[in-house]
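Chain identifiers are assigned alphabetically (A, B, ...) following the order of the sequence lines, protein sequences preceding nucleic acid strands; residue numbering begins at 1 within each chain. Just so it is clear, the structure is predicted and the values come from calculations on it, not from any experiment.
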Amino acid sequence: MIKVENVSKRFTLHNQGGAVIPVMAGASLTVAPGECVALVGASGAGKSTLMRMVYGNYLAASGRILVGGLDVAAARPREVLEMRRNVLGHVSQFLRVVPRVPTLEVVAEPLLEAGVAPEAARARAAVLLARLNIPERLWGLSPTTFSGGEQQRVNIARGFVRDYPALLLDEPTASLDAVNREEVLALIEEAKARGAALLGIFHDAAARARVCDREVDVTAFTPAREV
Amino acid sequence: MSAYNFAYLDEQTKRMIRRALLKALAVPGYQVPFASREMPMPYGWGTGGVQVSAAVLVPEDVLKVIDQGADDTTNAVSIRRFFQKVAGVAVSEATAQATVIQTRHRIPERALEEGQILVYQVPIPEPLRFLEPSEIETRKMHALEEYGLMHVKLYEDISRHGEIATSYAYPVKVEGRYVMDPSPIPKFDNPKLSMAAIQLFGAGREQRIYALPPWTEVVSLDFEDYPFEAARAPHACDLCGAGDSYLDEVITDDAGGRMFVCSDTDFCGERRAAGHVGRLGESA
Amino acid sequence: MRDRTEGPLLRVEGLEKRYGARLGCGGVSFDLWPGEVMGIVGESGSGKTTLLNCLAGQLAPDGGRVLYDMGEGMVDTVTLDEPARRRLKRSDWAFVHQHAHEGLRMNVSAGGNVGERLMGMGARRYGAIRAQAVDWLGRVEIAADRVDDRPSAFSGGMRQRLQIARNLVTGPRLVFMDEPTGGLDVSVQARLLDLLRGLVREMGLSAIIVTHDLAVVRLLADRLMVMQGGRVVEAGLTDQVLDDPQHGYTQLLVSSVLQV
């Protein structure tokens, strides 16, 4: 479902003397349907960078990144948008929403974008918010006013509201209490069971051990620094 | 007499105006630019109408001049005297006898006939000017028949007054093509715009001439659910008793006393001469 | 709603505009697909407003083509005859100005402002026009009892929303916006952005939004073009361009934004 082949990445800082910083080389991995793969490695080793490239948020310098048959590294913007809409979900660490939009709408939005009827979309969003223990009295409020943990759960609800064939998880259990952590792990297990391919970053070693089938150490993709 | 060319304007100027008039008649409702001349009267006193009259007058004509329907107001009297002096034409107050009638703000009550010419004095010829200040834009709108804005004006009337409150200079569509300002005649007169006589419109300051040939189709703009109505005061003339003429309200004292009289003085006079008497009238 | 048709809605090829020897914008080519929102960013004088005006038929370009899907294939709107182009501009296209007073008739009531495009397209029932105006005022969150008030009595945010209603009442497919949130208070901006996002999705609108506010494009635009000196220096997915800018100018632009 997700196949990364010999991908490299470098940043060129035009405003700092054109410094070129290679951050990744020869990255390769695959994630099969129903599988959960964890990216591991020290902080700064490039876990987030690789995730971002898979999502199309960062451009790859070379190599291929296949998601459901689409080469994200070479795809046109509208193809990437299409992929994000229908193939690849994303639970990020940061919630980015228009202020004033109610939480229920924020969670239902991926379904609305896919053309699901508003009532059905909101019903599905409500189920997820309830599972993640967001009190119903908050559903009509904008999540921008929520605590960090609440925002994180809204983000998770939004990521799981659709049954994407593939999903990126960026620290899904960070800053969650035991009860909610359990819910999120259950959601991940359900996604695996229905055949979704999951790629994630888990600092929570116990969580990783429980849901992940394999680990890929990105340190192996760190390029030799030429100084 | 010898001090002036016939009808004041030189022959070249009259020819220029006649060319504009012919074009205007050929394209009913279209505003034809013309090189308006300085006239020995200020703008706003009918310089456009006077130039048109000067261009169409021939020595055999009988001229009538009315202002708000009346032959005896300052504006009407001075224009009539002007043409008596510079053209030596016969003048009359009788609508039926006149061959050329210059008017400000009215159409005579008596139906005009073939062979007569009605010349209007026009202050602002552009009906779209109210909402669109750019001349370039309004010309384009006429050229492309983009007249939605005209209805915005009528919409505003209804939203503010509950009805189309525009009571004069009520816009019309000519032969299904050009939207035209019929000059500030009361909308009561709009249905008369399709008539046997030739109608010529002259705007001196704005340098525009437009025209309606006899029996041109002239439709007052309106909404389906707010149709055009030719309104008049719901009274009869207090002098001649006419119940179908356009009336002026005249305040008669400081105690709120008032009377309604025909704005068309010739029409009213003829009726009284024929024995009709209104509420306050005396038998002639 | 999206991807209903097979081809792009708008195709721009080699668009160029010069002011004498100075380049307004040049070498601009891109496709815009149905339902897509594209942002154009750059600092003052970068040519983004010139480009928008050329795209929207407000300014005649010196070279290039602006092809638009009129239903029977792509038509070059640059060479399209004027009556057809003007008809397009008041029916299938819309233009939202930065300053609401440029896009509104300030001496005409809110209802008249919204109704104008309808009347321009031949609507002649006062009651129906008014009902549609009230409906649209509701959709842009203006109370129905303000329908007879003139925009001069409205706040800046309300004027901008009225301008949007006036533009969208005929159900256009393509909306051009020039700094739609410029000059508004931050809270008012948020409300407007939220409204625009909802309308874009509900109506399946395509939009081209010029702004210098990167937060606005992040929230509204699917795609982004970055302009400098009249040229497009970078283009791509909005979040990719903002998070992984490739061009030096974009990097400068992104790093210049204050973080809150």
Report which part of C:Gln189 has an atom under 4.5 Å of a heavy atom belonging to chain A: side chain, backbone, both, or neither. neither

Please look at C:Arg191 and chain A and tell me whether the side chain, the backbone, both or neither of the residue comes under 4.5 angstrom of a heavy atom of that chain. both

Hey, is the main chain of A:Pro77 close enough, under 3.5 Å, to the side chain of C:Gln240 for a donor-acceptor pair?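 Between the backbone of A:Pro77 and the side chain of C:Gln240 there is no qualifying donor-acceptor contact (under 3.5 Å).
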
Check whether any side-chain N or O of C:Glu36 sits under 3.5 Å from a backbone N or O of A:Arg78 as a donor-acceptor pair, and report yes or no. no

Which atoms of A:Arg10 approach chain C - backbone, side chain, both or neither, heavy atom under 4.5 Å: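 For A:Arg10, there is no contact with chain C at all, as no heavy atom is under 4.5 Å.
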
Residue part contacting chain C, namely of A:Phe11, when any heavy atom lies under 4.5 Å: side chain

What side-chain donor-acceptor pairs closer than 3.5 Å can you find for residues 46-53 of chain A, not counting sequence neighbours?
unit_1	atom_1	unit_2	atom_2	d
A:Lys47	NZ	A:Gly41	O	2.9
A:Lys47	NZ	A:Ala42	O	3.4
A:Arg52	NH1	A:Asn57	OD1	2.5

To the nearest 0.5 Å, tell me how far C:Arg223 CZ sits from A:Leu81 CG.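 So the CZ of C:Arg223 and the CG of A:Leu81 are separated by 8.5 Å.
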
With rounding to the nearest 0.5 Å, note down the distance linking CG in A:Leu59 to CG in C:Leu237. 8.5 Å

Is it true that A:Glu105 and C:Arg197 have a side-chain N and a carboxylate O under 4.0 angstrom from each other?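 Salt bridge flag = no for C:Arg197 with A:Glu105.
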
For C:Asp222, is there an ion pair with A:Arg85 - N to carboxylate O distance below 4.0 angstrom?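 No, A:Arg85 and C:Asp222 are not salt-bridged.
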
Heavy-atom pairs under 4.5 Å with chain A, option from C:Leu193, C:Leu252, C:Leu220 with the top count: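 Most pairs with chain A among the choices: C:Leu252.
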
Are side-chain heavy atoms of C:Asp31 and A:Arg76 found at a separation under 4.5 Å? no

Determine whether A:His14 and C:His247 make a side-chain contact, defined as any pair of heavy atoms from C-beta on separated by less than 4.5 Å. no

Should we count CZ of A:Arg137 as having more than 12 external heavy atoms under 6.0 Å? no

Check whether more than 12 heavy atoms from other residues, nucleotides or ligands sit under 6.0 Å from atom CD of A:Glu136, and answer yes or no.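 Atom CD in A:Glu136 is not crowded, with 12 or fewer foreign heavy atoms closer than 6.0 Å.
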
In terms of heavy-atom contacts, C:Asp244 and A:Lys9 come closest through OD2-NZ, 2.5 Å

